[in-house]
Amino acid sequence: MNQVTHPTIEAGEKILPVCERWCANVLQLHSPEKLELLKDHVIEVNQDGWIQALRPLSTGEIVEHDYRGLMIAPGFIDPHMHYPQLDVIGSAAEGLLPWLEAYTFPTEAAFHDLERARQTADKVLDELIRHGVTSASVYCTSHPNSVEAFMQASSDRRMAMMAGKVLQDRHSPDGLRDNTEQSLRDSQDLIERWHGRSRLSYVITPRFAPTSSEAQLRGCAELAASFPGVRIQSHVAENQAEIEWVRSLFPADRSYMAVYDRLGLLQKHSIWAHCIYIDDDDRALMREKSVFAAVCPSSNLFLGSGLFDFAMANFDWGLASDVGGGSSFSPFRTMMGAYEIARLQGYYLSPSRLWWHQSIGSAKALGWEDCSNGIAPGKPADFVVIDPQATPLLQHRWNTCTTLEQKLFCLIVLGDDRHINETIIAGRAAKKSLPNPG
Ligand code: GUN
Ligand code: ZN
């Protein structure tokens, strides 16, 4: 089976001719503590969409894309979102379970229709590009057609995306509930069809423990084990009522996380959304198994789910929108929510840490830990051009800040899609050609 990687350019390998050069101040995220802005640097991109060089602009040099005065940063990554939930963003409810029942399940039930799925996939990918998000780990619905539409639309845009069919064989309405054996066969067919094709990877996606039988959950674990490189994603410990439900369904298990562990789902690099109500034993398990937490601040605030404990996170984590439980596609809103949630608990997340977990740190969730989405030779040319001067207030604050950290924090607080001047996907400008680019 094809394992999706982003190969680096090896010494001696044929170097393709430089296709285009982009010049701006380039943001380098070395670690959650260390970042740097390289003034007037040129990113050389080859025809295949890989970065070939990063160097200072030469005196008198003229480049194809001159963005001097603006900032180029690595593309943002969203390690947890539901594309079919575009149509439920902003639906008020009294918590997760009523929200799923009243809005989400009925909306998702329509995605057996390929044309409907295509229309939504196009809109969602456009919206991600508009907000500077170059990759995501995505839930489709329980219908294979929903995966077909999303994978095809991502491939058409040359985007590096990870997505999967949701599995849910119980406690789900007609039209959404799948059949245990068929759901596993469908998942396997979709892996064989899409994993490793174009810039895509497949992720096995049981919705959450309450809507899957033990047989389905075990089947997911076995399927993942038989396709090395194919990951698992699901939800865990998001909401008190959900946890009570899990306790009643799995009374013998020590915790919600322990259910997934017993059934073999805590596989290396699996992605677990929310992780709010976990204890030290769960954390130790997550660390031991090298799993990843997708933290979803705007969703947790919107649905009133709870506050993720950043101070105790001793495992890998990234920041995710969880659209449509999440209230925005914007990584600025997600980072801002994380900051506020940390503050409510007396904890401080620095601007560089927020930015790192929304980009490089989340690349790890998508399997690119050896070749994350930083801006360097041998990496894919997925980046954003940010214009802090695009609105008067941010222009004012940007110019009064004295340090890079202060400037980035003002962008987090005051920034939106108007400040994403361009989004480059595999070396090509993608935002300005959108309908109504803004
Ligand atoms: N738990 C199970 N399904 C979902 C979903 O669609 N959104 C969120 N936020 N939590 C879930
Ligand atoms: Zn979710």
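Everything numeric here is computed off the predicted structure, so don't read it as measured data. Atoms within a ligand are numbered from 1 in the order they appear, just like the ligands themselves.
- If you number the atoms of ligand 1 from 1 as listed, the ones under 4.0 Å from a heavy atom of Q85 come out as 5 (C), 6 (O).
- At most 12 heavy atoms of other shown residues, nucleotides or ligands fall within 6.0 angstrom of atom CD in E101.
- Around atom CD of E36, more than 12 heavy atoms belonging to other residues, nucleotides or ligands sit under 6.0 Å away.
- Not a single heavy atom of Y139 sits less than 4.0 Å from an atom of ligand 1.
- For ligand 1, the atoms closer than 4.0 angstrom to any heavy atom of D322 are 8 (C), 9 (N).
- Taking the charged nitrogens against the carboxylate oxygens, R118 and D156 have no contact shorter than 4.0 Å, which rules out a salt bridge.
- Heavy atoms of other residues, nucleotides or ligands lying less than 6.0 angstrom from CZ of R158 number more than 12.
- Counting heavy atoms under 4.0 Å from ligand 1, residue Y103 does not touch it at all.
- Residue H274 places a heavy atom under 4.0 Å from ligand 1.
- Among the atoms of D322, an N, O or S atom falls under 2.8 Å from the Zn ion (ligand 2).
- Note: angle at the Zn ion (ligand 2), from NE2 of H82 to NE2 of H235, is 100° (rounded to 10 degrees).
- Contacts with ligand 1 closer than 4.0 Å are made by side-chain heavy atoms of L100 only, the backbone lying farther away.
- The protein non-hydrogen atom at the shortest distance from atom 3 (N) of ligand 1 is R207 NE, 2.9 Å.
- Contact check on D280 versus R283 returns a salt bridge, with a Lys/Arg side-chain nitrogen under 4.0 Å from an Asp/Glu carboxylate oxygen.
- Here the rule is side-chain hydrogen bond (donor to acceptor under 3.5 Å, both in side chains) with D178, and of R207, K165, H143 only K165 fits it.
- Closest to atom 10 (N) of ligand 1 among all protein heavy atoms lies E238 OE1, 2.8 Å.
- The residue from F105, F111, Y139, Y103 that alone fulfils the ring-ring contact (aromatic ring centres under 6.0 Å, His included) condition with H82 is Y139.
- The pair E244-R247 meets the salt-bridge criterion, with a side-chain N (NZ, NE, NH1 or NH2) lying under 4.0 Å from an Asp/Glu carboxylate O.
- The atom of H80 that is an N, O or S and sits closest to the Zn ion (ligand 2) is NE2.
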